[in-house]
Protein chains: 2
Amino acid sequence: MTFQEKASQAIREAGGRMTAQRQIILELLETSDEHLDAEELHRRARVQDTSISLATVYRTLNTLEEAGLVQQRYHSPEHSRKYVEPVHADEEYHFTCRTCHRVIPFHSELMQQLKQQLEAELNVQVFNACVCVDGLCPDCRVSS
Amino acid sequence: MTFQEKASQAIREAGGRMTAQRQIILELLETSDEHLDAEELHRRARVQDTSISLATVYRTLNTLEEAGLVQQRYHSPEHSRKYVEPVHADEEYHFTCRTCHRVIPFHSELMQQLKQQLEAELNVQVFNACVCVDGLCPDCRVSS
DNA sequence: CTGCTATTGAAACCTATTCTCAATAAGAAG
DNA sequence: CTTCTTATTGAGAATAGGTTTCAATAGCAG
């Protein structure tokens with residue numbers, strides 16, 4: 001089942017409706033492997049529907065997040081902007097360069113361990129872990 | 001050397017000045033073990049100086065962060081607000097309950113490992129790692 | 001004490017996101 | 001296919017956290 005199919009189904013199950021606007025946004029999320037923010041998504045969506053509004057993009061992203069289909073991420077150290085990514089099995093985290101602002105995604109089994117540790121030691125149930133790391137990327141590290 | 005002494009020195013070395021307002025903020029940061037945000041700090045600072053402005057609190061926090069004396073943290077899943085804490089040797093991270101919004105601080109050597117892993121594998125230099133975990137705290141977990 | 005300039009308070013501004021509200025359109029029911 | 005209900009939409013106002021501007025103030029070096 002594709003991401004779009006899952007999403008349509010989840011939206012229906014929650015008593016929602018599939019609209020042309022949502023279809024466009026789902027397509028963009030599925031076909032792009034980048035970390036998009038609402039404005040970039042809006043910019044791309046307008047290619048297909050010139051009148052789609054930014055508010056609709058935000059609303060759709062929130063709907064998808066509530067359905068657990070999408071995650072909102074932040075790129076340290078700038079936490080004022082949300083980036084979305086479809087939920088994958090292997091969660092992706094991000095390193096951001098303070099100098100050139102390049103984003104380097106990474107995976108680490110340590111995060112899985114951290115979740116387990118917290119659940120065991122604090123007796124909590126973990127829904128989401130957000131990790132934002134910043135510093136200097138290989139290039140900027142050398143030239144400074 | 002106390003936090004306030006270190007801070008005064010760092011500010012001086014950067015060509016800055018020690019003002020009554022900054023003194024008050026430093027005191028509050030030193031004597032409180034909670035995670036404060038700018039508004040709470042402002043509220044408390046006003047007890048001592050009724051006319052201290054919120055802008056001054058923000059400016060002071062930024063100055064202290066640049067000097068490496070304070071860290072700005074976020075509490076997942078709500079990333080819109082910064083919380084400050086003095087820099088400690090053993091970094092503290094936070095778990096936030098989605099239901100009651102309680103914040104449970106935690107330490108984990110896994111974070112140190114994660115930094116080392118990133119530096120080794122991505123060849124980057126890590127300045128700061130922000131980890132925000134959310135889910136259900138022991139109490140809310142039971143009652144749901 | 002004097003002068004230079006970092007810092008301040010007040011208020012305007014900025015930016016990402018959410019909300020309001022009237023108009024529109026999914027999609028269930030007939 | 002038509003009708004009805006109501007979820008969703010676009011436009012723009014509103015909000016919230018934080019930053020900037022600017023004239024006035026006040027550290028602190030000399």
Side-chain angles (χ1 to χ4, degrees), chain A residues 4 7-26 35-43 45-46 48-67 70-84 101 130 132, chain B residues 4 7-26 35-43 45-46 48-67 70-84 101 130 132:
Chain A
Q4 288 185 58
S8 305
Q9 188 179 313
I11 287 172
R12 289 269 167 70
E13 277 169 10
R17 296 170 183 174
M18 265 310 299
T19 64
Q21 293 90 334
R22 287 181 173 179
Q23 199 63 55
I24 292 171
I25 294 168
L26 288 175
H35 343 81
L36 303 173
D37 60 19
E39 278 189 49
E40 180 57 31
L41 222 33
H42 182 220
R43 209 171 294 126
R46 278 216 266 195
Q48 292 170 69
D49 174 352
T50 31
S51 70
I52 191 170
S53 78
L54 184 55
T56 293
V57 175
Y58 275 111
R59 283 183 289 228
T60 301
L61 292 179
N62 286 338
T63 301
L64 292 175
E65 190 183 32
E66 275 163 35
V70 133
Q71 275 175 327
Q72 315 243 171
R73 293 263 173 251
Y74 299 81
H75 296 173
S76 184
E78 179 250 325
H79 280 237
S80 59
R81 183 183 285 276
K82 292 179 188 171
Y83 294 86
V84 254
H101 302 104
C130 163
C132 324
Chain B
Q4 287 186 58
S8 305
Q9 187 178 315
I11 288 172
R12 289 269 167 70
E13 277 168 11
R17 295 171 183 173
M18 266 309 299
T19 64
Q21 292 91 334
R22 287 180 174 179
Q23 198 63 54
I24 291 170
I25 294 167
L26 288 175
H35 343 82
L36 303 172
D37 60 19
E39 279 188 49
E40 180 57 31
L41 221 34
H42 182 220
R43 209 171 294 126
R46 278 216 267 196
Q48 293 168 67
D49 174 352
T50 32
S51 70
I52 191 170
S53 78
L54 184 55
T56 292
V57 174
Y58 276 114
R59 283 185 287 228
T60 301
L61 292 179
N62 286 339
T63 301
L64 292 174
E65 190 184 30
E66 276 163 34
V70 133
Q71 274 174 327
Q72 316 242 171
R73 293 262 173 250
Y74 300 81
H75 295 172
S76 184
E78 177 252 324
H79 280 238
S80 58
R81 183 183 285 276
K82 292 179 188 172
Y83 295 85
V84 253
H101 301 105
C130 161
C132 324

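Below, each value reflects all heavy atoms present in this structure, side chains not excepted, and no hydrogens, waters or symmetry copies.
Atom CD in Q72(A) sits 9.5 Å away from atom CG in L64(A) (nearest 0.5 Å). A distance of 9.5 Å separates CD of Q71(A) from SG of C130(A), quoted to the nearest 0.5 Å. Put simply, CZ on R59(A) and CD on Q21(A) are 9.5 Å apart, with the number rounded to the nearest 0.5 Å.
Within the 4.5 Å cutoff, side-chain heavy atoms of I52(A) are placed close to those of R46(A). Residues Y74(A) and R81(A) are not in side-chain contact: their nearest non-hydrogen atoms beyond the backbone lie 4.5 Å or more apart. Between L41(B) and L61(B), the closest side-chain pair of non-hydrogen atoms falls below 4.5 Å.
With a cutoff of under 4.0 Å to any heavy atom of chain B, the contacted region of DNA chain D is bounded 5' to 3' by dG17(D) to dC28(D).
In this entry the distance linking NE2 of H75(A) with C1' of dA16(C) reads 15 Å, nearest Å. When rounded to the nearest whole Å, the span between CG of L61(A) and P of dA16(C) equals 15 Å. As rounded to whole Å, 14 Å separates atom C1' of dT18(C) from atom CD of E65(A). Atom-to-atom, CG of N62(B) to P of dT8(C) comes out at 12 Å; the value is rounded to the nearest Å. If you take CD1 of I11(B) and C1' of dT5(C), they are 16 Å apart, rounded to a whole angstrom. Rounded to an integer number of Å, the gap from E78(A) CD to dA16(C) P is 8 Å. Atom CD in E66(B) sits about 14 Å away from atom P in dA6(C), given to the nearest Å. Remark: C1' of dA16(C) and CZ of R43(A) are 13 Å apart, rounded to the nearest angstrom.
The nearest pair of heavy atoms linking E40(B) to L36(B) is CG-CD2, 3.8 Å. Shown here for T60(B) and R22(B), the closest heavy-atom pair between the two residues is OG1-CG, 3.8 Å. Considering all non-hydrogen atoms of both residues, V57(A) and A38(A) come closest at CG1-O, 3.7 Å.
Of the side-chain N and O atoms in K82(A), none sit less than 4.0 angstrom from OP1 or OP2 of dT15(C). Considering only side-chain N and O atoms, Q21(B) lies under 4.0 angstrom from the phosphate OP1 or OP2 of dG9(C).
The aromatic rings of Y83(B) and H75(B) lie parallel to each other, with less than 30° between the two planes, well short of the 60° mark.
No hydrogens or angles were tested; on distance alone, nothing pairs the side chain of R22(B) with the base of dT7(C) as donor and acceptor under 3.5 Å.
Residues from residues 50-58 of chain B placing a heavy atom under 4.0 Å of any atom in DNA chain C, listed by number, are S51(B), I52(B), S53(B), T56(B).
With DNA chain D read from its 5' end, the first of the two nearest nucleotides for G16(A) and R81(B) is the one closest to G16(A). Nearest-nucleotide assignment on DNA chain D puts the 5′-proximal partner with Y74(B), out of Y74(B) and T19(B).
In this structure, the nucleotide among dC19(C), dT8(C), dC4(C) sitting nearest to the side chain of R59(A) is dC19(C).
Counting non-hydrogen atoms under 4.0 angstrom, D37(B) reaches nothing in the nucleic acid.
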